[in-house]
There are 2 protein chains.
Amino acid sequence: MGYGVVMSGRTPAAAAGPDATAFVVFAREGYAQATLDAIAAEARVAKHTIYNHFGDKQTLLRAAIAAEADRAMAKNLAAVDRLRDYDGDLRVTLEDVGRQLVACYCDERGWALRRLLYAEINQFPDLLDIITGRASDPVTEALADRLARLALAGHLRGGDPAAAAEQLAALLTGSLEARCRYGTRVISPAEQHAVARAAVDTFLHAFGTASGPAATTVATAALA
Amino acid sequence: MGYGVVMSGRTPAAAAGPDATAFVVFAREGYAQATLDAIAAEARVAKHTIYNHFGDKQTLLRAAIAAEADRAMAKNLAAVDRLRDYDGDLRVTLEDVGRQLVACYCDERGWALRRLLYAEINQFPDLLDIITGRASDPVTEALADRLARLALAGHLRGGDPAAAAEQLAALLTGSLEARCRYGTRVISPAEQHAVARAAVDTFLHAFGTASGPAATTVATAALA
DNA sequence: GTTACAGTGCACCGGTCAGTGTAGATTTGG
DNA sequence: CCAAATCTACACTGACCGGTGCACTGTAAC
């Protein structure tokens, strides 16, 4: 013990532990450019302490990424879980969940994690193993579970729920890479809402039942 | 003069010029880790020669990325342009184009470019300016142009063709990040075909006309 | 032949950084 | 109250790399 919350007069950066601070620095500077001196200074901790805890720079990187991936997945799963609150208006519920998933994807830290992964995946291929089980895979699976329930209840067309989940996820996140300019642009909540609405609209056209609210209007997919 | 094609006994790496070689090394090692000595050696060129041509390391990076982005965009635009060969079977034509776009996205060099962009966008925000006009933006726009023609001819539902193009692009590429594991996994042509077919199927359900071939079967979107 | 240009190989400088060593301060637990 | 463990501050090493200077070679034009 001895970190963060226990100690009183720390900066926010240090309050979350050295690995969280390390993630911020790694994401900002890149692995090679990030110096341990900078990480230690930003975490308000002696450089030696980091070596005591993590051994070397690579181990610190892996720990930082694992912690951040856990955080991101928890947020995603919480959003998908809201599909249990299905109260009769499928479109509204889907749009709500979609909006939250889009928000997760547009999150500053989400972009930072994705950037860091793309950047270092060549030098550290084993980062994939750290991410697998903590990333989009379980989220899509959980989404497939919810969609399967909805299909069984007659609110969606039958078929492979995994495929449906994949298509919905693609519709929600596929355009965000371009819209957010690789994470350098922050898009407004209104624009996020428009993306979610357009995605759900297309999804319901393709996977909704005739009885369901498939055809409202062609979404005015212009942004706000 | 003095590079590449003109000289006979060069390795493939050097045959394309120092900037192409530089891109390969930058993508493999990362900007900071890539040494000019390594680039020069791999390009079969003296380090000094690189400085004569590009001035410094950053300029070399920008030149390498610009060249690679041009190459990628040309390939994408060629694929979209095949939508002009519309011969009556919309689904077949769209799947053909979709398959080619998926292949572009899964291209080894395409992943390398995307990785490099994600990796260095923080250190070199101006890379976005280099990419804008050479990247997915013009491709989506060209796709919107083709879809507008198809809608006008009654083969697709009306509405904003830009939105339709964005949705189609999202369906095609949205699942590839996960499927290709950030570019470290090569997916088979059969799997690429399945992705394109599922995307086009969903797209036609949402944007096809009643007269069109909207409903075939729910695509058996299992991979091969 | 000579002038101009472009490339080559090598050695060098200045700076940076991971990781270690050490010695003193602080905390923790019994 | 003491001892073990942990943290801090700081100096140091060994290695690496961007960029430069220099002496030399090859080639094409006039």
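Quick note: numbers below take in every heavy atom, side chains included, and nothing from hydrogens, waters or symmetry partners. It should be emphasised that the depicted structure is a prediction, and the values quoted were computed from it without experimental measurement.
Under the side chain to side chain donor-acceptor pair (under 3.5 Å) test applied with B:Tyr118, the options A:Glu177, A:Arg115, A:Arg114 reduce to a single match, A:Glu177.
Rounded to whole Å, atom C1' of C:dG19 lies 14 Å from atom CD1 of A:Ile39. Protein atom NZ of A:Lys57 is 13 Å distant from nucleotide atom C1' of D:dC16, rounded to whole Å. For the pair A:Tyr51 OH and C:dC17 P, the interatomic distance rounds to 12 Å; values are reported in whole Å. Spacing between atom CZ of B:Phe54 and atom C1' of D:dG19 amounts to 16 Å, rounded to whole angstrom units. Between the CZ atom of A:Arg44 and the P atom of D:dA9 there is a distance of 11 Å, given to the nearest Å. A:Ile50 places its CD1 atom 12 Å from the P atom of D:dA9, with the value rounded to the nearest Å. As a whole-Å value, the separation of B:Asp56 CG from D:dC17 C1' is 14 Å. Atom CG of A:Asp37 is separated from atom C1' of D:dA11 by 12 Å (rounded to the nearest Å).
Contact annotation: B:Thr49 side-chain N/O to C:dT8 OP1/OP2 distance is under 4.0 Å. Proximity of A:Thr35 to the phosphate of C:dT16: no side-chain N or O atom is located under 4.0 Å from OP1 or OP2.
The environment of CD in A:Gln58 is crowded: more than 12 heavy-atom neighbours from other residues, nucleotides or ligands sit within 6.0 Å.
Side-chain N or O atoms of A:Lys57 include none that pairs as donor or acceptor with a backbone N or O of A:Thr35 at under 3.5 Å.
Comparing B:His48 and B:Gln58 by the nucleotide of DNA chain D that holds the closest heavy atom to each, the one mapping nearer the 5' end is B:Gln58.
A centroid separation of 6.0 Å or more is found between the aromatic rings of A:Tyr182 and A:Trp111.
A:Ala38 comes within 4.0 angstrom of nothing in the nucleic acid, heavy atoms only. Across all strands shown, B:Ala41 has no heavy atoms under 4.0 Å from either base or sugar-phosphate atoms.
Evaluation of atom-type donor-acceptor distances gives a pair under 3.5 Å for the side chain of A:Lys47 against the base of C:dG19.
Applying the side chain to side chain contact (heavy atoms under 4.5 Å, CB included) test to B:Val97 and every residue at least two apart in sequence or in another chain returns B:Arg82, B:Leu83, B:Leu101.
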